[in-house]
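This report refers to the structure that appears directly beneath it.
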Amino acid sequence: MTDEEIREKIFDIISKEARIDRGTLTLETKLEDLKIESLDMVQILFGIEDAFDVYVPQDDQSFKLSTLKDVVDGVKRLLAAKTQPA
Amino acid sequence: MRLAMTAAVAPARTLNEIAASLGAQLVGDGSVLVRRVAHPAMAEDAETLALAMEESSESALARTKAAVAAVAEGRATALAGLKGGIVVKRPRYALAQLLQLFDRPPRTAPGIHASAVVDPTAKLGAEVSVGALCYVGPGARIGARTRLLPHVTIGAEAEVGDDCLLHSGVQLGERCVLGRRVIIQPNAVIGADGFGYVTPEKGSIESAIETGGRIEAKNLALARVNSIGNVVIGDDAEVGANSCVDRGTLGPTRIGSGTKIDNLVQIAHNCTIGENCLIAGMCGVSGSVKIGDRVTLAGRVGIADHLTIGDDSIVIAGSGVWHSIPPHEVWGGYPAVPWSESQSFYLHVRRLPRMLRDITELRKRLAELEKQLAGVDASRGGRR
């Protein structure tokens, strides 16, 4: 999956679950500024996990999400870890 | 002599007066006379103030019959084409203020309707309205300007404060007390008996609690625990339609001043609910629960008996509360836990199907590995 495909998929999920205009989302958009309700955030998290077949760590301090770029980079890291041999 | 029904029409006000009353910014002609408020698409004529404080209703301003409108801060440009308007900072609050200015209260007639039964020992304040088929019991007291719509029952020695409004079918039990400006919606029952019963010997619930879940006793008889207390509701409180507040066993069940209770809510005997709480539809509060001030219970929250809910706490819709909640916390879920934990639980539950799939896959791979290892061991053994 290309970086662009990952980004597009994440933007689609956020737009759908938080009912946010897709056109307003950029990599620089801060999650805080989107004022997403907590339950919508859970839906987004679940949507990402389902779409990419990953588990997003919840208590991992290295997985800090501030902007949408952080979300995209975080998913890329999870996908990379998945493809590495055990 | 019976007087005519009071007309349910608010007085006309200038846009200037409205802006001043709301503390809103005036734009354009402040002399425009306003007789009513409505959605822009529903405005009847130029004397209507169109409510366009939400972005979704702004587009309708282009075709409205209203001459003036109310819009949210930063949206004054939407008033172009109108004679004027007001700009409000907090739309939802402004809506509440406007609907107070242009209220349409229920029609009532002053005095006592010919079909009402008012005990001669009852005391009624000035300008009280008692509607058709009401009953006011012995020793009851009704405060000044309070309105009882048809079919209201006020029990013996009950007290209703000044300026209250009791809608049709409300039943206020004997000795129950309402403060001032209380609103009780249709068919609410204030002061029914509490749900209190006891078995002569140890009962099934006590047995289950003692044994951690085994039921070794039977409820062979249920003795009634009479309710000889009352209900006391503070000033400016509101109880919704078909809601019930049961009377206390010995003392009062209390609802604090300013607390608003929605429709179809059950408040059991001996509860104490603080001030300015919001209790949404279908909540059930069991006996002897203590709820602090400014607590919010969203729809269909159930609270087990004898618990305490701290000041300013919020309980999310549909939650089942089995444990007391500290002040200033948001709890949710079934059973209710702090909201951050509840969200985590929800995510984990949603993960279960994928986790099951992954575990099945891992078990298959583990079995294959074990098989391969067994083969390696066997071949090593054969070489020895």
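We name chains A, B, ... by the order of the sequence lines, and we start the count at 1 in each one.
A donor-acceptor pair under 3.5 Å is absent between the side-chain atoms of B:Arg351 and the main chain of A:Phe46, judged by distance alone.
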(request) Would you sort out whether A:Asp53 and B:Arg357 count as a side-chain contact (heavy atoms from CB on, under 4.5 Å), showing the intermediate values? (result) CA-CA 11 Å; A:Asp53 196 16; B:Arg357 183 205 65 193; 2.6 Å; yes
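Heavy-atom contacts from other residues, nucleotides or ligands closer than 6.0 Å to CD of A:Glu37 number 12 or fewer. No more than 12 heavy atoms of other residues, nucleotides or ligands lie within 6.0 Å of NZ in A:Lys69, so this atom counts as exposed by the packing criterion. At most 12 non-hydrogen atoms from other residues, nucleotides or ligands lie less than 6.0 angstrom from CZ of B:Arg300. Within a 6.0 Å radius of CE in B:Met282, other residues, nucleotides and ligands contribute 12 heavy atoms or fewer. The environment of CZ in B:Arg90 is sparse: at most 12 heavy-atom neighbours from other residues, nucleotides or ligands sit within 6.0 Å.
With a 4.5 Å cut-off on non-hydrogen atoms, B:Ser344 touches chain A through its backbone and its side chain both.
The side-chain heavy atoms of A:Val42 and B:Arg350, taken from C-beta on, include no pair separated by under 4.5 Å. The shortest side-chain heavy-atom distance between B:Leu347 and A:Tyr55 does not fall under the 4.5 Å cut-off.
When all heavy atoms of B:Arg354 and A:Asp50 are compared, the pair lying nearest together is CD-OD1, 3.5 Å.
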